[in-house]
Amino acid sequence: MAASEQHYTLPLPSFSKPVKLLIVVAPYYKDITDQLVAGARGVAAACGAEVDLVEVPGALEVPTAIGLAERMAKYDGYVALGCVIRGETTHYDTVCNDSSRAITLLGLQGACIGNGILTVENREQALVRAEVAGQNKGGGAAAAALHLIALSRAWAAGDRGGMGFRP
């Protein structure tokens, strides 16, 4: 079971210039997403990042909102939050696959996104993953976005910092 596994977590990056994050949340299961948002805000604050929050109707709209913000606003990175709980139909598969695929495509285009959209079998799994004192997946998504911002800034400045291959 994943809850008993030990995982390595990268130390949070530090920044010499301010960081501005946009949290995009689909609050369909509001009690769960409130925990995700709290976790993301906590990690962002630990790095001194400024945070804005927008809500969208569902997980499928999260990547669209991020794409709009990437083109029309000034954010360094994004935190995608939501929760999809398996139901009786294949709609679950569509929402999980398409939201994840769209977030990945935005990332491949250069957006620094931490994906914290939970895809779970039941409410109990969602609560364990969302709780700030538990697995804190909202905080993990914010950390992922912050790491990508740090990486992007390092590469934009021409400082490879020992990452990847050198020509």
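In this chain, numbering begins with 1 at the start of the sequence shown.
- For the pair Gln35 and Ala130, the tightest heavy-atom approach, listed with the atom from each and the gap, is CB-O, 3.4 Å.
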N/O donor to acceptor pairs below 3.5 angstrom from side-chain atoms of residues 71-85, sequence neighbours left out:
residue, atom, partner, partner atom, Å
Arg71, NH1, Gly67, O, 3.1
Tyr75, OH, Asp52, OD2, 2.6
Asp76, OD1, Arg153, NH2, 3.4
Asp76, OD2, Lys20, N, 2.7
Asp76, OD2, Arg153, NH2, 3.3
Tyr78, OH, Glu70, N, 3.3
Tyr78, OH, Glu70, OE1, 2.6

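- Between Leu21 and Ala145, the shortest heavy-atom distance links the atoms CD2-CB, 4.2 Å.
- In this structure, Cys112 and Ser152 approach most closely via the heavy-atom pair SG-CB, 4.0 Å.
- Qualifying salt bridge (Lys or Arg N to Asp or Glu O under 4.0 Å) partners for Glu121, counting only residues two or more places apart in sequence or in other chains: Arg86.
- A distance of 10.5 Å separates CG in Leu22 from CD1 in Ile113, rounded to the nearest 0.5 Å.
- Val132 and Ala38 get closest at one heavy-atom pair: CG2-CB, 3.9 Å.
- Between Ile23 and Val54 the shortest side-chain heavy-atom distance does not fall below 4.5 Å.
- Counting heavy atoms from C-beta on, the side chains of Gln125 and Asn122 come closer than 4.5 Å.
- Taken to the nearest 0.5 Å, the CG atom of Asp34 stands 15.0 Å off from the OH atom of Tyr29.
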For Glu55 and Lys30: C-alpha separation, side-chain torsions, deciding distance, then whether side chain to side chain contact (heavy atoms under 4.5 Å, CB included) applies. CA-CA 11 Å; Glu55 294 181 340; Lys30 189 152 174 40; 4.3 Å; yes

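- Arg123 is linked by a salt bridge (Lys or Arg N to Asp or Glu O under 4.0 Å) to Asp31, counting only residues two or more places apart in sequence or in another chain.
- A donor-acceptor pair is defined here as one N or O able to donate and one able to accept, closer than 3.5 Å; such a pair exists between the side chain of Ser99 and the backbone of Val95.
- Using a 4.5 Å heavy-atom cutoff, the side chains of Tyr8 and Leu10 are in contact.
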Side chain to side chain contact (heavy atoms under 4.5 Å, CB included) evaluation trace for Gln135 with Val128: CA-CA 6 Å; Gln135 291 185 15; Val128 167; 3.6 Å; yes

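- What you find for Thr33 and Pro27 is that their closest heavy atoms are OG1-CA, 3.4 Å.
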Side chain to side chain contact (heavy atoms under 4.5 Å, CB included), that's the test. Do Glu131 and Asn136 meet it? Break it down for me. CA-CA 5 Å; Glu131 289 177 340; Asn136 193 15; over 6 Å; no

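- Counting heavy atoms from C-beta on, the side chains of Ser100 and Ile117 never come closer than 4.5 Å.
- Side-chain atoms of Cys47 and Pro13, non-hydrogen and from C-beta on, do get closer than 4.5 Å to each other.
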List the steps, then state whether side chain to side chain contact (heavy atoms under 4.5 Å, CB included) holds for Val25 with Leu36. CA-CA 9 Å; Val25 61; Leu36 292 170; 6.0 Å; no

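- Across Leu106 and Pro63, no two heavy atoms sit closer than the pair CD1-O, 3.2 Å.
- Contact of the Val43 side chain with the Leu146 side chain is registered, since non-hydrogen atoms from C-beta on lie closer than 4.5 Å.
- Within 6.0 Å of CZ in Phe15 there are more than 12 heavy atoms belonging to other residues, nucleotides or ligands.
- Here Glu124 contributes atom CD and Leu127 contributes atom CG; the two are 8.0 Å apart, rounded to the nearest 0.5 Å.
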